[in-house]
Amino acid sequence: MEEIRDFFECDSCSNREFKRVYTFSLRFHRVNFSDDLIYDKIIEELYECCKCHKKFTLDQIEEGLDKIKKMRKGDQ
């Protein structure tokens with residue numbers, strides 16, 4: 001059986017290599033029963049194209065891989 005291998009590619013430059021990039025932040029807000037600020041720690045995980053530095057979320061990459069699967073299933 002023949003093997004076909006397709007890659008997710010950057011939609012700007014067609015590069016296939018990405019690196020994981022994290023951002024860390026705190027979101028402060030008040031709640032109605034207290035005047036004190038409370039906070040949430042937010043960690044965002046993005047994937048950056050190694051060539052053009054465009055960033056993608058994991059959801060965007062999964063969506064791109066789903067498109068490849070649908071395209072290949074249609075080829076049968």
Side-chain angles (χ1 to χ4, degrees):
M1 175 177 219
E2 178 185 345
E3 181 179 294
I4 300 170
R5 189 169 179 193
D6 285 322
F7 292 88
F8 174 80
E9 296 180 349
C10 176
D11 57 7
S12 292
C13 68
S14 299
N15 185 42
R16 296 177 179 178
E17 296 178 349
F18 299 85
K19 63 182 175 182
R20 197 176 308 170
V21 178
Y22 294 100
T23 59
F24 304 93
S25 63
L26 296 174
R27 180 180 57 137
F28 293 92
H29 53 94
R30 295 187 192 279
V31 291
N32 56 2
F33 56 83
S34 172
D35 288 335
D36 293 335
L37 286 176
I38 63 171
Y39 68 91
D40 300 315
K41 181 169 63 170
I42 302 169
I43 300 172
E44 294 181 67
E45 182 179 87
L46 299 171
Y47 295 86
E48 181 178 71
C49 173
C50 292
K51 186 174 180 183
C52 73
H53 307 292
K54 182 175 179 178
K55 292 180 177 70
F56 295 87
T57 65
L58 187 56
D59 288 341
Q60 290 171 313
I61 292 172
E62 290 293 337
E63 189 176 299
L65 293 172
D66 285 343
K67 286 180 185 177
I68 293 170
K69 283 189 268 187
K70 287 177 185 173
M71 177 191 69
R72 285 292 173 197
K73 286 184 177 183
D75 285 349
Q76 296 177 359

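All values below come from the heavy atoms of this structure, side chains included, with hydrogens, waters and symmetry mates left out. Residue numbers run from 1 in the order of the sequence given.
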Heavy atoms from other residues, nucleotides or ligands near CZ of F24 exceed 12 (cutoff 6.0 Å)
yes
Go through the steps for D11 and K54 under the test salt bridge (charged side-chain N to carboxylate O under 4.0 Å, His left out), then give the verdict.
CA-CA 9 Å; D11 57 7; K54 182 175 179 178; 2.5 Å; yes
Side chain to side chain contact (heavy atoms under 4.5 Å, CB included) test vs S25 passes for just one of I43, D40, I42, namely I42
Approximate separation, where rounding is to 0.5 Å, of [X] [atom1] and [Y] [atom2]:
X: K51; Y: R16; atom1: NZ; atom2: CZ; value: 11.5 Å
X: L26; Y: K41; atom1: CG; atom2: NZ; value: 8.5 Å
X: H53; Y: C13; atom1: NE2; atom2: SG; value: 9.5 Å
X: E63; Y: D59; atom1: CD; atom2: CG; value: 8.0 Å
X: M71; Y: D66; atom1: CE; atom2: CG; value: 12.5 Å

Note, [X] side chain near [Y] side chain (heavy atom, < 4.5 Å):
X: I38; Y: F28; answer: no
X: E45; Y: R20; answer: yes
X: R30; Y: D36; answer: no

Heavy-atom pair of closest approach, residues [X] and [Y]:
X: C49; Y: N15; answer: SG-ND2, 3.4 Å
X: K55; Y: Q60; answer: O-OE1, 4.1 Å
X: I68; Y: F7; answer: CD1-O, 3.5 Å

If hydrophobic clusters are built from ILVMFWY residues whose side chains come within less than 4.5 Å, do [X] and [Y] share one?
X: L65; Y: L58; answer: yes
X: F56; Y: V21; answer: no
X: F18; Y: L46; answer: no

